[in-house]
S.K.: 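I have a structure I would like to understand better, so I am pasting it below and will then ask my questions one at a time.
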Number of protein chains: 2
Amino acid sequence: MRDSDRDIIRNLNLFCDMQPQRFEALLTAAYAQQFPAHVDLIREGEPADFLYVVLEGCVELFSASHGRESSLAIVTPVSTFILAATIKDAPYLMSARTIAPSKLLLMPSGNVREAFDHDPAFARAIVTELATCYRGVVKSMKNLKLRTAIERVGNYIVRLHDKSGHADIVELPFGKRNLASILGMTPENLSRAFGALQSHGILMDGARIEITDRAALEAICKPNPLIDDPRS
Amino acid sequence: MRDSDRDIIRNLNLFCDMQPQRFEALLTAAYAQQFPAHVDLIREGEPADFLYVVLEGCVELFSASHGRESSLAIVTPVSTFILAATIKDAPYLMSARTIAPSKLLLMPSGNVREAFDHDPAFARAIVTELATCYRGVVKSMKNLKLRTAIERVGNYIVRLHDKSGHADIVELPFGKRNLASILGMTPENLSRAFGALQSHGILMDGARIEITDRAALEAICKPNPLIDDPRS
DNA sequence: TTCATACATTGATATTGATCAATCGGCAGT
DNA sequence: ACTGCCGATTGATCAATATCAATGTATGAA
C-alpha cells in the first residue's frame, strides 16, 4: 500500500485516534485492491468477512428480492461500508458493486473486532460512526416517507448546491439510473422530475445542472435540516 | 423505583454486563415515570437530554414535515429508544408519543455517555445495540422499497404468526391507524390490503387475525429472512 | 342507557408513479 | 468514420396508492 493511502486512512474519523501499533497491525492484515467498474463485491446474506474502505471510485450498496432491486446508498471516497455487519459478525444485509473503477481497502472483520475490544479510542470512534450511519438511514427513511418524488429530487439538488459551496453549476456525481434508484423512483420519472423542476429554478444539461433561482427551488422542495443536513 | 423494574432493566442486553456500581449510579440518576396515552414525549430537533427505556405500554416514534406525518417505529417493552442521539449528543431526529398508558425510565444522556466512557462492557453492549438498530432500519428500508403494500401487510402478519409460536389466531398489538403509518400506507389501503389477503390464507375479525393457510399467505407475500428475520 | 367521539370500512374518484414503447444521442470498439 | 450498444428522454397507457365522502361500529363518559 502506498504511504499516501495510509495517511488518508489514518486521518479518517474512524481511525485517527487509534493507538499507533494497533493501527499498524490492522493495516498489515488488510489489503488494498483495484477493481474495474461494475464488479460485484459482496452479496447480501453472505458472512461479513471484511470491512471495506472506499479509497477511490464509487460503490453502490443495493438489495434485491424476488425480481425487484433497489439502491440503498452510494459510497464515495473516503468512507467505510458495512460496519454494522462486521461488528455484529452477522450476514450482510446489502449487496455491493462498483459503479466506477475503484480502489478499495479490505480489512478482515476479525481483526477489526479485535482492535475494537482492545483499543478504547477505536471503540469510541466506531460507536460514533455507527450512530452517524444509523441517523443517516433514518434520514433516508424520512426522505422517502414524507416527500413526493419531485421534492426528493429537488432536495437532492439543493444538497449538491450546498456541497459545491453554492456554485452556479453543479454536476451529478454518478449516472441518473443510479440516482433514480437511490431516490426511490424509476429513471423515467427522474427525467420527468428534472423536467418539472426546470420551471422552479434549475436548468438541466445532461449531467450538469445550473441553479438559476435557489429560492424558487427551495420553495418547491421545502428542505428540512432534520432530513437533509448531513451534520445534524 | 420498584425492585422488579430494576431487575428487568438490569437484564436488558444493554445493561446486563455493566459493572454493578456503574449500573447503580446510572439508575440513581434516572427516574421512572408513568404517562397516560397520547402524550407527547419528545419533539424532533430538540437536544437529546434523555435516553428512554419503555418498561410498560407502547411508544410511537414518528416524524412530521410540512404537514405530512409518518411513524418510523413503535417501541414496546422492554427496549430503549433514541440511543443514537444520546450517544452523539445530537438533536432527536424523531418525535415520540405514547400510544397507550406507559411506564418509562428516563436516563440523563450525560450519565449514559459517562458510563459509556468508563465501562468497557457497557461500551460493547451499546455498539451491539446500535448495530442492531441500524440493521433494523435498513430492513425497514428494504421492506418499503422492494415490496408492494399488500406484501408488506402480508409479511407483517407472517411475523406476528412466528412471534406467537404459530398460534391459529394472532392479535394486532396496536391500532390499525398506527400500523398503516408504520407500513407506509393510508388506513384505507391497509383495510383493503387485509380484505385482499382474505383470499390468501387469513381471516380478519377486528384486531384478530386467523391464519387459515400459512403456505398460501407466504406464496403471496414472499417472506425474506434478510428483511423479516429480527435475529439476522 | 345515550351520546359523542374516534376509529374502521367501503365505494368513488383523483393523483402519483410505474410500465411499455419508441426514439434519440453519446461513446467505445472496430 | 461506421456501427452497435447503453443510457436518457418522451409520450401513451396502466397500475398502485391516496384522497374524499359516506357510513358503520366500538368505546368511554355522563
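Fair warning: this is a prediction, and the values are worked out from it, not measured in the lab.
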S.K.: For A:Glu188 and D:dT13, give me the distance from atom CD to atom P, rounded to whole Å.
M.R.: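 Atom-to-atom, A:Glu188 to D:dT13, this comes out as 16 Å.
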
S.K.: Check the distance between D:dA16's P and B:Leu190's CG and give it to me in whole angstrom.
M.R.: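 One finds 17 Å between P of D:dA16 and CG of B:Leu190, rounded.
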
S.K.: Could you go step by step and tell me if A:Val137 and A:Leu72 meet the side chain to side chain contact (heavy atoms under 4.5 Å, CB included) rule?
M.R.: CA-CA 9 Å; A:Val137 193; A:Leu72 297 168; over 6 Å; no

S.K.: Could you tell me the separation between the CG atom of A:Leu144 and the P atom of C:dT16, rounded to a whole number of Å?
M.R.: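 Atom-to-atom, A:Leu144 to C:dT16, this comes out as 17 Å.
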
S.K.: Taking only side-chain N and O atoms of A:Arg177, does any of them lie within less than 4.0 angstrom of OP1 or OP2 on D:dA8?
M.R.: yes

S.K.: Rounded to whole angstroms, how far apart are CZ on A:Arg147 and P on C:dG17?
M.R.: 14 Å

S.K.: Consider only side-chain N and O atoms of B:His38 and B:Arg97, and report whether a donor and an acceptor are under 3.5 Å apart.
M.R.: no

S.K.: Take B:Gly195 and B:His38, find for each the nucleotide of DNA chain C with the closest heavy atom, and name the residue whose nucleotide sits nearer the 5' end.
M.R.: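 Result of the comparison: B:His38.
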
S.K.: What I want to check is whether an N or O donor and acceptor connect the side chain of B:Arg152 with the base of D:dT17 at under 3.5 Å.
M.R.: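 Result: no qualifying N/O pair found.
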
S.K.: Check every atom of C:dT19, C:dG17, C:dG11 against the side chain of A:Asn189 and return the nucleotide holding the closest atom.
M.R.: C:dG17

S.K.: In whole angstroms, how far is the P atom of C:dT16 from the CD atom of A:Glu151?
M.R.: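 Taking atom P of C:dT16 as the reference, CD of A:Glu151 is at 11 Å.
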
S.K.: In whole Å, what is the span from the CE atom of A:Met185 to the P atom of C:dA18?
M.R.: 8 Å

S.K.: What's the closest nucleotide to the side chain of A:Lys176 if the choices are C:dT10, D:dT9, C:dA18?
M.R.: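 From the listed options, D:dT9 comes nearest.
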
S.K.: Could you state the CZ-C1' distance from A:Arg192 to D:dT9, rounded to the nearest angstrom?
M.R.: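 Rounded to the whole Å, the gap is 9 Å.
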
S.K.: Can you tell me if B:Thr148 touches the phosphate of D:dA16, counting only side-chain N or O atoms and a distance under 4.0 Å to OP1 or OP2?
M.R.: no

S.K.: Could you give the CZ-to-P distance, from B:Phe174 to C:dA6, as a whole number of Å?
M.R.: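 After rounding, the reported distance stands at 21 Å.
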
S.K.: Ignoring the backbone of A:Ser191, work out which of D:dT10, C:dG17, C:dG11 is nearest its side chain.
M.R.: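 So the nucleotide nearest the side chain must be D:dT10.
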
S.K.: Just say parallel, tilted or perpendicular for the rings of B:Phe50 and B:Tyr31, cut-offs at 30° and 60°.
M.R.: perpendicular

S.K.: Testing the 3.5 Å rule here: is there a donor-acceptor pair between the side chains of A:Ser65 and B:Lys222?
M.R.: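 There is no such pair between these side chains.
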
S.K.: A:Thr76 and A:Cys58: which non-hydrogen atoms are nearest, and at how many Å?
M.R.: CG2-SG, 4.0 Å

S.K.: Looking at every strand, decide which applies to B:Gly206 at a 4.0 Å heavy-atom threshold: base, sugar-phosphate, or nothing.
M.R.: nothing

